[in-house]
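Worksheet: the structure to be examined is printed underneath.
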2 protein chains.
Amino acid sequence: MQEFQDRYPRPIATVDAVILTLSDGRLQVLLHRRPEAPFSGAWGLPGGFIRQDEDHDTEGAIGRVLREKAGTSGFWVEQLATFSGPVRDPRGWSISVAYMALVPRDRLPVDTDTVRLFDVDALPPLAFDHAAIVAAGLERLRGKGAYSTLPATLLGEVFTLKDLQNAYEVVLGRTLDTSSFRRRLNEMRLVEEVPGAERRQTGSGRPSKVFRLARDPHTFDRTLGGAV
Amino acid sequence: MQEFQDRYPRPIATVDAVILTLSDGRLQVLLHRRPEAPFSGAWGLPGGFIRQDEDHDTEGAIGRVLREKAGTSGFWVEQLATFSGPVRDPRGWSISVAYMALVPRDRLPVDTDTVRLFDVDALPPLAFDHAAIVAAGLERLRGKGAYSTLPATLLGEVFTLKDLQNAYEVVLGRTLDTSSFRRRLNEMRLVEEVPGAERRQTGSGRPSKVFRLARDPHTFDRTLGGAV
DNA sequence: ACAATAGTGTCTTTAAGACATTATTCA
DNA sequence: TGAATAATGTCTTAAAGACACTATTGT
């Protein structure tokens, strides 16, 4: 696999995942406590070395990591950016290909001593440059939030329109007008009603209909919730 | 530099640049003919191995490549994505961190046998997966074009508003309404007149004023040229 | 009935598109 | 003066925001 004569030394190569979810109306990121050096005992992003015999590419490598940390696949994953340099990893010149995964809360494990969800605005000190990687994930989600269905992928398969609006509001960091929001949902045919049962929330009040994403495209030509 | 014991073999790590420019009203990409294997004689993107003793990170590595190919720096550079896998490079499992650079035409060298500009819609067969990397660059530029000043960075320091509109039109692949375009430029205070001389184009006709970018932000909350 | 939550209608405001008009230069 | 190009004005259309209103449930 490595027959050719390198002119230059090769860097350490890893993948890291910013796994985001929505819990109690707050955006959270999954961290794990590092069991070994470097940064043993510190919180960090799930990740690992590329395995050339197992991984078809870095996408495959991150899929392997996600399967270990978040059960099966099927949720939204996209590449964020690649972080590199001689100092970010004390073991030497390294490259980390970072990915963002948007996962419904119930697909993630419950908190333990070594794996926990943290509010994205209340992170502990992180290993490596993982704070910058999380920041890149948040920036991506917030940037694409207004003109994509990414916020919806933080919810389960089905959801109420109130849930959906809440997801957008949390991602975008501001309140949205219900009337405008639903008008756009309708005009863009983004959601469709699920023939199944109804659902009620917070005690009394009228129960809300249940919806699911209708179209495949995850980005579109108008915004949900006004300008970015 | 490589004292720590690897559990897994390291991949080959390179950087590649999609250098885009505007020439004769067409979007073009700089390619070079590969002087040696692999893909000797084929056209490919400028790029190279990471040099751990010289490069502070992959951004530094691409800066080195760009200085060699496009003179000094100072133009727009941003990371695109990372391409990886066991087959894209016949030498073994490899990672390429791809960057996009937007460079005014006069900053680039004139065509030679080994370095040439190609229209982005008339590319020759490319080495490695460089066709996919170019496609990623175009997608990024087109995606960000409508709500950023990226198209302006394809021009020189100063330009006429007609030049600027042409740049947006080429990037977005459609015509824009001059009135709307300029209204937005004004409302967003994106350009400012240069106190210097005037300039005339294409024979007779009224000469046009000369402008330059006014504000630093490269993206903003409204689009130039309508919806994406 | 009324509190609570879900969902809709309508008016206003703002931005974009279409397109006509004015301005300034050269031949 | 007229052709050519630059620059601006105005009307129409479309979308977003504000906010009042109706609808459906439980107690």
Side-chain angles (χ1 to χ4, degrees), chain A residues 25 145-148 151 155 158-169 172-194 196-212 214 219-228, chain B residues 25 145-148 151 155 158-169 172-194 196-212 214 219-228:
Chain A
Y147 56 94
S148 75
L155 304 173
V158 300
F159 42 77
T160 67
L161 297 187
K162 179 126 289 204
D163 290 342
L164 188 59
Q165 184 176 339
N166 282 339
Y168 274 89
E169 288 178 337
L172 299 177
R174 59 198 164 82
T175 59
L176 300 178
D177 179 77
T178 305
S179 177
S180 304
F181 183 74
R182 296 190 179 197
R183 179 170 48 209
R184 282 189 297 272
L185 286 179
N186 284 333
E187 285 169 356
M188 299 168 85
R189 299 262 192 284
L190 285 181
V191 296
E192 62 187 15
E193 206 177 328
V194 179
E198 309 243 320
R199 179 168 158 190
R200 91 180 42 99
Q201 243 176 339
T202 329
S204 61
R206 172 176 174 178
S208 52
K209 295 179 184 167
V210 173
F211 291 80
R212 64 182 167 217
T219 61
F220 29 80
D221 65 346
R222 290 169 56 198
T223 66
L224 278 165
V228 259
Chain B
Y147 57 93
S148 74
L155 305 173
V158 301
F159 42 77
T160 67
L161 297 187
K162 178 126 290 204
D163 289 341
L164 189 60
Q165 184 176 339
N166 281 339
Y168 274 89
E169 288 179 338
L172 298 176
R174 59 199 165 81
T175 59
L176 301 178
D177 179 76
T178 306
S179 176
S180 305
F181 182 74
R182 298 190 178 197
R183 179 170 49 208
R184 283 189 296 269
L185 286 179
N186 285 332
E187 284 168 356
M188 300 167 84
R189 300 263 192 283
L190 284 181
V191 296
E192 61 187 14
E193 208 178 327
V194 178
E198 309 243 320
R199 181 167 155 188
R200 89 181 39 100
Q201 241 177 340
T202 330
S204 62
R206 172 176 174 177
S208 52
K209 294 180 186 169
V210 173
F211 292 80
R212 63 183 168 216
T219 61
F220 27 82
D221 64 348
R222 289 168 57 197
T223 65
L224 278 165
V228 258

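Below, read A as the first sequence line, B as the second, and so on, with proteins coming before strands; counting in each chain starts at 1.
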Distance check needed: [N] [atom2] versus [X] [atom1], whole Å only.
| X | N | atom1 | atom2 | value |
| --- | --- | --- | --- | --- |
| A:Leu164 | C:dG7 | CG | P | 12 Å |
| A:Phe159 | C:dA6 | CZ | P | 15 Å |
| B:Leu185 | C:dA15 | CG | P | 15 Å |
| A:Tyr168 | D:dA16 | OH | P | 13 Å |
| A:Phe181 | D:dA18 | CZ | P | 15 Å |
| A:Arg206 | C:dT8 | CZ | P | 7 Å |
| A:Leu176 | D:dC19 | CG | P | 15 Å |
| A:Lys162 | D:dA23 | NZ | P | 18 Å |

Task: Counterpart residues, side-chain contact (heavy atoms from CB on, under 4.5 Å), relative to A:Ser180 (two or more places apart) - done: A:Asp177, A:Arg183, A:Arg184

Task: Closest non-hydrogen atom pair between B:Pro151 and B:Ala167, with its separation - done: O-CB, 3.7 Å

Task: For B:Tyr168, ring pair (Phe, Tyr, Trp, His ring centres under 6.0 Å) partners two or more places apart - done: B:Phe181

Would you list the protein and nucleotides 8-15 of chain D atom pairs, both N or O, that sit under 3.5 Å from each other?
unit_1	atom_1	unit_2	atom_2	d
D:dG9	O6	B:Ser179	OG	2.4

TODO: State which residues pass salt bridge (Lys or Arg N to Asp or Glu O under 4.0 Å) with B:Arg212; sequence neighbours excluded, sorted by chain then number.
DONE: B:Glu192

TODO: Could I get the full list of side-chain hydrogen bond (donor to acceptor under 3.5 Å, both in side chains) partners for A:Glu169, not counting sequence neighbours?
DONE: A:Gln165

